[in-house]
Amino acid sequence: MARTKIASFSIEYLQVMDEHGEIDEHLMPQISQAMILKMLRTMLYSRKFDEKMLSLQRQGRIGTIPQGKGQEACSVGAVACMNLDDIIFPSYREWAALIWRGVPLKYVFMNFSGDERGNSADFNYRVFPFNIPIATHMPHAVGVALGMKLKKKNRVVACFLGDGTTSEGDFHESMNFAGVFKVPCVFICQNNQYAISTPTKKQTASETFAQKGIAYGMPCLRVDGNDVFAVYVAVQEAIARARRGEGPTFIEAYTYRLCDHTTSDDAKRYRSDEEFRAWEKKDPLLRLKAFAEKRNLWTKSDEEKFLGEVEGKIDQQVEEFETMPMPDFEDMFKYMFAEMTGPQKEQLNYIKQFKGKYHGHT
Ligand SMILES: Cc1ncc(C[n+]2csc(CCOP(=O)(O)OP(=O)(O)O)c2C)c(N)n1
């Protein structure tokens, strides 16, 4: 008989760069200047794209949208250390990852206008479509990772999710499967401290989200999610482990959404001004910019020039989106089942009378 401790755990926290752009040289990963600039440009691009999305939504030119403002370092730090044939399962705020991979952003406009063709971007980008039902992408991510393992492809999957997503059944099933079958999947949980208006303390009784990885037998840690270098280090180590056949990793990136949940939300109703302002100072973009400016890698005029180019690119995507032909009415019914059911055929016949009467995406 015995009463002894049979297991004990601890959770590591990693920050490489503080909110003033100062780094710990010992923790700093080896990254080329070109890569650092690509990270900065992608974060700036993503922020600009966010502004454009909001403006289009306010003008009624696209539907309800989420924004990614404040969480860009989580995406960019992660995708920066992946190979281009590694696979991304984004969350619905992940423009920065899409921009990194070069996915045409008109697909995002389509997605948030109810046009299913938004999910049909060329798979050569290795980016799966957004999933609005939370956690539903996780079993797919784990399945794809298992496929990569079985086919000995040496490719890794990055699966992005939010803190609220950890309460879903799909989350637990996926984590369990990933742990048991040691699939090459890196889970990046962006803990932005709220699931719409639900704060983390009402989401979980765990001290950290990171420790959820322990229950499923995978390495896990918490990083400063507003520090692009910390995310990079953690994901790079996780990817290396996955490629060695050592299975998945769970990373909690501690961050903050510097915007409403979506354009249907008013975050002022559940977050104080004081809290918001404190997090504005920790903005991941300002932090990386401060780092780059101190090292003379980036100047204000570089930024003006870059943002001018980006605006042109985004406007072109808007133009392409707004001038493309509308999808066929039948598409709504065609892909549900191999053959349309009786009620579907009836609905299709009914809707045909409206064909040609509506134009544009809204
Ligand atoms: C299965 C499912 N249930 C409920 C919702 C409604 N919903 C939309 S976003 C959201 C909160 C998600 O929070 P989190 O995972 O932390 O991601 P965040 O939006 O903060 O990035 C909920 C509950 C949904 N989209 N899908």
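In listed order, ligands and their atoms are each counted from 1. Along the sequence shown, residues are numbered consecutively beginning with 1. Quick note: numbers below take in every heavy atom, side chains included, and nothing from hydrogens, waters or symmetry partners.
- Judged purely by distance below 3.5 Å, without hydrogens or angles, the side chains of Glu94 and Ser91 pair a donor atom with an acceptor atom.
- For ligand 1, the protein residues within 4.0 angstrom (heavy atoms only) are Tyr92, Arg93, Ile132, Pro133, Ile134, Gly162, Asp163, Gly164, Thr165, Glu168, Asn192, Tyr194, Ala195, Ile196, His261.
- Side-chain N/O atoms of Gln211 and Thr208 include a donor and acceptor closer than 3.5 Å.
- Annotation: side chain of Pro248 is not in contact with side chain of Phe181 (no heavy-atom distance under 4.5 Å).
- One finds a salt bridge joining Arg61 and Glu322 here, because a Lys/Arg side-chain nitrogen approaches an Asp/Glu carboxylate oxygen to under 4.0 Å.
- With Trp100 as the aromatic partner, Lys38 meets the cation-pi criteria of under 6.0 angstrom to the ring centre and within 45 degrees of the ring axis.
- By the 4.5 Å heavy-atom criterion applied to side chains, Phe306 and Leu40 are not counted as neighbours.
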